Asks: 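Sharing a structure, written as structure tokens. Questions coming.
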2 protein chains.
Amino acid sequence: MNTLAEENYLKAIFALMDENGEVMVNELSQRLAIKMPTVSSMMKKLANKNLVTYESYKPIRLTEKGRVEAALIIRKHRLTEMYLVEKMGFGWEEVHHIAEQIEHIQSPELFAKMDELLGFPALDPHGSPIPDSSGKMIPREYQKLSHCKTGEKVKITAVVNTSHEFLTFLNGKQIHLGLEMIIHSLEPFDGSMTISYKENKETISSVVTDRILVEQL
Amino acid sequence: MNTLAEENYLKAIFALMDENGEVMVNELSQRLAIKMPTVSSMMKKLANKNLVTYESYKPIRLTEKGRVEAALIIRKHRLTEMYLVEKMGFGWEEVHHIAEQIEHIQSPELFAKMDELLGFPALDPHGSPIPDSSGKMIPREYQKLSHCKTGEKVKITAVVNTSHEFLTFLNGKQIHLGLEMIIHSLEPFDGSMTISYKENKETISSVVTDRILVEQL
DNA sequence: TAAATTTGTTAGACACAACTAACAATTTTA
DNA sequence: TAAAATTGTTAGTTGTGTCTAACAAATTTA
């Protein structure tokens, strides 16, 4: 069994591997807001438990065991988010903070029950895939809105960031999963994008378009 | 904010005060399965935080502040148990272990939502009162089944112990909250009691009758 | 009431997970 | 390629919450 701290490291390494492929001590340190020496020594501990491969000055990688354990924590997180939204009536912007805590609950029964009551969902409220109980996860193969070109018609399939602030911003612009939009123009200077959807026409910055995943229509 | 360890001490002191009025270091040590020196030093810490009153060799008591904080943790525990039984379909014997973890979640919104979805319940699935959001709790004034006399007709209003083993035992004998029963005989030697209810007639030990609370009919 | 038992405290150690300060390796850039 | 910047490690400290061993106070009982 892993400690709370270990679980948080595993999750962060998993997320960073997903984003960048390789994970440096420095990145992990910044992501977790934990100083490098602490991360360094934790890596030795996780390597000892055969959850990561790690040699001094080399990148960190999850082992297969570590990958599965990380995926199972993410499974609990995403099932919880889905449960909170679908069964308890929370908004998608409210659930991250709660799921961040409930993901550490030790009770296979609780999460099996959520899964069952939800009808075994494939995606969480932010469009991210929920790993199955063996830790397998269908990879998202959607592209960032920021990589789309003028004139394209796209549909929002997921959001990359689940913070309260970001999702409240999207709520304010009535942007949600499944929304279809047309890309009107793209400002080369700063990457800001003008989009139209329903009766709206909005210009959004690249900070936003980087965090929205879409599929082509 | 209190740590996980501190919350568990507060809860245990609250429960022991409820049962015995006063709490000794020794009792707390046994209840929590933590050695006396550790309890002793934690009492100094809690006294410093103004959560308990404590002087060496004297009994421990919760301050008003400590009492409220303990009650709010118990509120979260009991709301969770009720939610798990009523909304998720768990048996009353399955929920203690899960609630024991969820009671430490920091999210007033989550528990407010449970409360609302449950229709502001007064009692948990074991018949124990749920403290309100200011920490107030209606005292149970029921008596132990073990204190009842032959010939009395009583109704089960609560169980004192919520362990999986005890409740599974009761399930096996089809004993549940609200059940009405007649006390046929009481064995003076060991306190075992013969009761009848519905089509059943059972003899149960004082270990069991001590853990069942009833009201007279 | 003196001895025995129970209860509680003090002192010191340990594991965990964080930190800072100092130094070392690696990578970038001038 | 040498200097500068970045990244990472080592060594030592801290706070939390646990422990054991030894001693001290309080209570029970003979």
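As the structure is a prediction and not an experimental result, all values here were calculated from the model. Here is the naming used below: chain letters follow the sequence lines, and residue numbers restart at 1 for every chain.
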Asks: Compare side-chain N and O positions of B/Y9 against OP1 and OP2 of D/dT16 and report whether any pair is under 4.0 Å apart.
Replies: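 No.
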Asks: Check for me whether the distance between the ring centres of A/H126 and A/H96 falls short of 6.0 Å.
Replies: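 Not under 6.0 Å, so no.
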Asks: Measure from the side-chain heavy atoms of B/M24 and tell me the nearest of C/dG8, D/dG17, D/dC19.
Replies: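 Of the candidates, C/dG8 comes closest.
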Asks: Expressed as a whole number of angstroms, how long is the span from B/M42:CE to D/dT18:P?
Replies: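 Nearest whole value for this atom pair: 6 Å.
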Asks: Between D/dC19, C/dA17, D/dT7, which nucleotide gets closest to the side-chain atoms of B/I34?
Replies: D/dC19
Asks: Assign B/K44 to base, sugar-phosphate, or nothing according to its heavy-atom contacts below 4.0 angstrom with the strands shown.
Replies: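 Sugar-phosphate, backbone atoms only, no base.
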Asks: Considering only C/dA11, D/dG8, C/dT20, which nucleotide approaches the side chain of B/P37 most closely?
Replies: C/dA11
Asks: Going by heavy atoms in the side chains, are A/S128 and A/R78 under 4.5 Å from each other?
Replies: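 Yes, their side chains come closer than 4.5 Å.
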Asks: Got a donor-acceptor contact below 3.5 angstrom from the A/K76 side chain to the A/I102 backbone?
Replies: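 Pair absent, no side-chain N/O of A/K76 close to backbone of A/I102.
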Asks: Starting from the C-alpha separation in whole Å, work towards a yes-or-no answer on side chain to side chain donor-acceptor pair (under 3.5 Å) for A/W92 and A/D124.
Replies: CA-CA 10 Å; A/W92 72 338; A/D124 79 6; over 6 Å; no
Asks: Nearest whole angstrom, please: distance from the C1' of D/dT16 to the CE of B/M43.
Replies: 14 Å
Asks: Assuming nearest nucleotide by heavy-atom distance, tell me which of A/T3 and A/Y57 is located more 5' along DNA chain C.
Replies: A/T3
Asks: Applying a 4.0 Å non-hydrogen cut-off, can you work out what B/T38 is touching in the nucleic acid: base, sugar-phosphate, or nothing?
Replies: base
Asks: Please report the distance, rounded to the nearest Å, between CG in B/N26 and P in D/dT28.
Replies: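 So the two atoms are 13 Å apart, to the nearest Å.
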